[in-house]
Novice: 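Here you go, one structure.
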Amino acid sequence: MAASGNGARLMSNQPTDHPRLPAPVETDPRCGEERWATVADCRHCPMRQQALFSALRGPDFEHIFLPIRSAICPPGTLIYREDEPAEAVYTIRSGTLKLSKRCEHGGDRIVRILGRGSAAGLEALTQGFYWHTAAALREAELCRIPLAVFDELQRRNIQLSDGVIGQWEQQIGCADRWLAELYDGPVAERVRRLVRMLAELDAAEGQPLRLPLMDDLAAILGASRESVSRVVAELKREKVLKHVAPHTYECDLEALS
């Protein structure tokens with residue numbers, strides 16, 4: 001995607017007038033609740049300078065004619081599905097989302113994890129459908145930005161494109177790192193690299209490492225659950241990971257490198 005000096009629109013599809021709730025997930029009984037009840041205060045959001053709206057100024061917020069809503073989503077909450085019509089982009093205020101793709105042989109492969117300050121569903125701005133399935137890996141606080149809001153704000157402030165391009169650049173860099181570090185080499189080495197990446201994500205929030213479930217770790221690496229579990233157990237024996245709470249560890253980053 002390239003920014004346009006003539007204020008070209010960022011998206012090609014027309015959204016519905018009302019926000020659509022996330023589709024239900026059978027494994028999460030709370031997913032049917034109306035989560036998106038809170039209207040976000042973008043003007044005073046402490047995350048704004050790290051997110052998509054960093055270029056907006058005071059008068060721009062007067063033209064947000066559809067509400068931008070926020071929600072706290074428990075682990076496993078489905079945000080959107082691969083190939084669904086796209087109606088919104090989501091920014092992450094805290095927590096993490098996992099993006100998955102269907103595999104030809106069946107099942108899903110986690111292809112990326114997004115953390116605080118990242119945007120999910122950017123492809124909605126140009127493609128009209130979602131490229132991935134997005135779900136909360138851990139409890140996540142999200143803001144849901146209808147596409148019509150982008151459309152209106154882009155007409156009034158073309159610098160909004162800078163924030164979108166910055167997010168694309170960040171995610172391309174993340175995807176490159178995943179390909180280089182997680183999809184090649186022995187499982188033991190790939191687990192150690194993944195643990196380091198996750199520890200860096202949590203450190204950015206000032207939190208200790210919170211490891212996902214073994215099934216999620218295996219889905220990221222394309223390895224068996226048993227193989228991943230053995231390596232994690234070895235890291236615990238070596239004191240690289242020190243258990244401090246359920247699924248939560250102090251991590252020796254120097255030992256991992």
Side-chain angles (χ1 to χ4, degrees), residues 1 3 10-11 13 15 19-23 35-58 60-61 63-75 77-81 84 86-100 111-154 156-157 159-175 201-202 204-207:
M1 181 195 307
L10 286 171
M11 73 287 292
N13 61 313
R20 176 174 51 82
L21 296 176
R35 300 192 183 283
W36 307 99
T38 303
V39 176
D41 182 5
C42 297
R43 188 195 300 268
H44 301 106
C45 178
M47 286 294 301
R48 181 160 61 87
Q49 294 305 317
Q50 297 175 246
L52 290 171
F53 288 172
S54 59
L56 297 188
R57 300 296 178 260
D60 295 317
F61 293 100
H63 303 291
I64 297 179
F65 59 95
L66 286 178
I68 295 174
R69 299 185 180 274
S70 65
I72 296 177
C73 302
T77 302
L78 180 71
I79 311 304
Y80 54 79
R81 291 187 186 277
E84 273 189 345
E87 300 176 356
V89 175
Y90 299 82
T91 59
I92 304 171
R93 298 186 64 181
S94 66
T96 51
L97 295 185
K98 59 181 178 181
L99 303 185
S100 305
V111 297
R112 201 175 314 149
I113 291 176
L114 302 180
R116 184 172 184 263
S118 296
L122 285 173
E123 64 274 13
L125 299 176
T126 57
Q127 300 299 309
F129 62 91
Y130 293 115
W131 292 348
H132 309 94
T133 294
L137 184 63
R138 293 195 294 264
E139 181 176 273
E141 184 177 3
L142 308 177
C143 289
R144 184 185 190 279
I145 309 169
L147 296 189
V149 170
F150 274 100
D151 195 17
E152 180 64 23
L153 291 176
Q154 171 68 5
R156 297 178 180 276
N157 187 339
Q159 288 181 319
L160 181 62
S161 299
D162 295 340
V164 175
I165 292 170
Q167 283 284 336
W168 275 120
E169 290 172 343
Q170 172 189 325
Q171 294 192 31
I172 289 171
C174 176
L201 272 176
D202 284 331
E205 290 194 54
Q207 301 287 341

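Please read all numbers here as calculations on a predicted model, not as lab measurements.
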Novice: Evaluate the side-chain proximity of Ile79 to Arg144: yes if any heavy-atom separation is below 4.5 Å, no if none is.
Specialist: no
Novice: With rounding to the nearest 0.5 angstrom, report the SG to CZ distance, Cys143 to Arg93.
Specialist: 5.0 Å
Novice: Are side-chain heavy atoms of Glu139 and Cys73 found at a separation under 4.5 Å?
Specialist: no
Novice: CZ of Arg81 to OG1 of Thr133: how many Å apart, nearest 0.5 Å?
Specialist: 6.5 Å
Novice: Answer with yes or no whether the side chains of Ser118 and Gln170 bring together a donor and an acceptor at under 3.5 Å.
Specialist: yes
Novice: Drop me the distance from Thr77's OG1 to Arg138's CZ, to the nearest 0.5 angstrom.
Specialist: 14.0 Å
Novice: Report the distance from atom CG of Leu201 to atom CD1 of Ile113, rounding to the nearest 0.5 Å.
Specialist: 7.0 Å
Novice: Measure across Glu123 and Phe129 and return the closest heavy-atom pair with its distance rounded to 0.1 Å.
Specialist: CG-O, 3.4 Å
Novice: In Å, rounded to the nearest 0.5 Å, how long is the span from OG1 of Thr96 to CG of Asp202?
Specialist: 7.0 Å
Novice: With a 4.5 Å heavy-atom cut-off, do Gln167 and Val89 have their side chains touching?
Specialist: no
Novice: Could you pull out the closest heavy-atom pair between Leu147 and Ala88, with the gap in Å?
Specialist: CG-N, 3.8 Å
Novice: Hey, does the side chain of Tyr130 reach the backbone of Tyr80 with a donor-acceptor pair shorter than 3.5 angstrom?
Specialist: no
Novice: Can you check whether Ala124's main-chain N or O pairs, donor with acceptor, with Glu87's side chain at less than 3.5 Å?
Specialist: no
Novice: Could you state the interatomic distance from CD (Glu141) to OG1 (Thr91), rounded to the nearest 0.5 Å?
Specialist: 9.5 Å
